[in-house]
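One structure is given below, encoded as structure tokens.
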Amino acid sequence: PTASRISKRLLFSIAACQNWEVRTLDITSAFLQSDEIQREVYVNPPQDIRRRGIIWKLKKPLYGLEDSARLWYHTLRDRLIEIGCKISILDQSVFRYYDDKNNLIGMVVSHVDDLLYAGSTRFHQECIKQLLGKFKISRMHAKDFTYLGWTIGQKKE
């Protein structure tokens, strides 16, 4: 699943009300950072290194396999839950993070390997820092950036 427009707008609204900075990050080669495939998939090696009679058995999903995106989502979901996030029952691409008093202190919205998030300093230290330790990240942006075609600009007011 990928987050709906309403879920993204909800994150923006909550972030504005809480004076949280909205940020984004992109996970590098997300499918290759997924958990292992639970079925057997064989492919021919690339043309320049192909040898007669040799095929490869995939351990990780690749772009183009019908279940790659689902396996990546399950991997991301499981890591966020391990960190302490709660999954939304209305949109399974929205994850919430609460403090000990059950106050919302952060949110993560996923669109495949592009994450949009906002939260308190504690959220960044406890949740995002752990997430960065679990996956390789290709880019991170804050303040003014583009996310899935949306131009995001933030001002303190």
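- Partners of N103 under the side chain to side chain donor-acceptor pair (under 3.5 Å) rule, at least two apart in sequence or in another chain, are D99.
- With sequence neighbours excluded, the residues satisfying side chain to side chain contact (heavy atoms under 4.5 Å, CB included) with R51 are I54.
- To the nearest 0.5 Å, the span separating OG on S13 from NZ on K8 amounts to 14.0 Å.
- Other members of the hydrophobic cluster containing L132, listed by chain and number, are L25, I27, F31, Y63, W72, Y73, L76, L80, I83, I87, F95, Y97, I105, V108, V112, L115, Y117, F123, I128, L131, F135, I137, M140; membership follows side-chain contacts under 4.5 Å among ILVMFWY residues, whether direct or relayed.
- When hydrophobic side chains of Ile, Leu, Val, Met, Phe, Trp and Tyr are connected at separations under 4.5 Å, I89 ends up clustered with L90.
- Scanning for side chain to side chain donor-acceptor pair (under 3.5 Å) contacts around R5 gives an empty result, with sequence neighbours left out.
- The distance from the OG1 atom of T75 to the CG atom of L71 is 4.5 Å, given to the nearest 0.5 Å.
- Residues forming a side chain to side chain contact (heavy atoms under 4.5 Å, CB included) with E21 (at least two apart in sequence, or on another chain): R23, A142, K143, Q154.
- Residues I81 and Y98 do not share a hydrophobic cluster, defined by chaining ILVMFWY side chains whose heavy atoms lie under 4.5 Å apart.
- The NZ atom of K129 sits 13.5 Å away from atom NZ of K134, with the distance rounded to the nearest 0.5 Å.
- Between T2 atom OG1 and Q92 atom CD the span is 11.5 Å, to the nearest 0.5 Å.
- A heavy-atom distance below 4.5 Å is found between the side chains of C127 and C85.
- Between D100 and R122 there is a salt bridge, since a side-chain N of the basic residue sits under 4.0 Å from a carboxylate O of the acidic one.
- Every residue meeting the salt bridge (Lys or Arg N to Asp or Glu O under 4.0 Å) condition with K57, not counting sequence neighbours, appears here in chain and number order: E40.
- Partners of E36 under the salt bridge (Lys or Arg N to Asp or Glu O under 4.0 Å) rule, at least two apart in sequence or in another chain, do not exist in this structure.
- Through side-chain heavy atoms spaced under 4.5 Å, either directly or across other Ile, Leu, Val, Met, Phe, Trp or Tyr residues, Y42 is tied to I55.
- With rounding to the nearest 0.5 Å, the separation of OG in S120 from CG in L104 is 9.0 Å.
- Applying the side chain to side chain donor-acceptor pair (under 3.5 Å) criterion to S138, with sequence neighbours excluded, gives D26.
- Among residues two or more places apart in sequence or in another chain, the side chain to side chain donor-acceptor pair (under 3.5 Å) test is passed with Q38 by none.
- Contact check for S88 versus R96: side-chain heavy atoms found under the 4.5 Å cut-off.
- Here the closest non-hydrogen pair linking L58 and I37 is CB-CD1, 4.1 Å.
- The closest side-chain donor-acceptor pair between Q47 and R50 falls under 3.5 angstrom.
- With sequence neighbours excluded, the residues forming a side chain to side chain contact (heavy atoms under 4.5 Å, CB included) with K136 are T28, Q33, listed by chain and number.
- The shortest distance between side-chain heavy atoms of R79 and D35 falls below 4.5 Å.
- The NZ atom of K60 sits 13.5 Å away from atom CG of L65, with the distance rounded to the nearest 0.5 Å.
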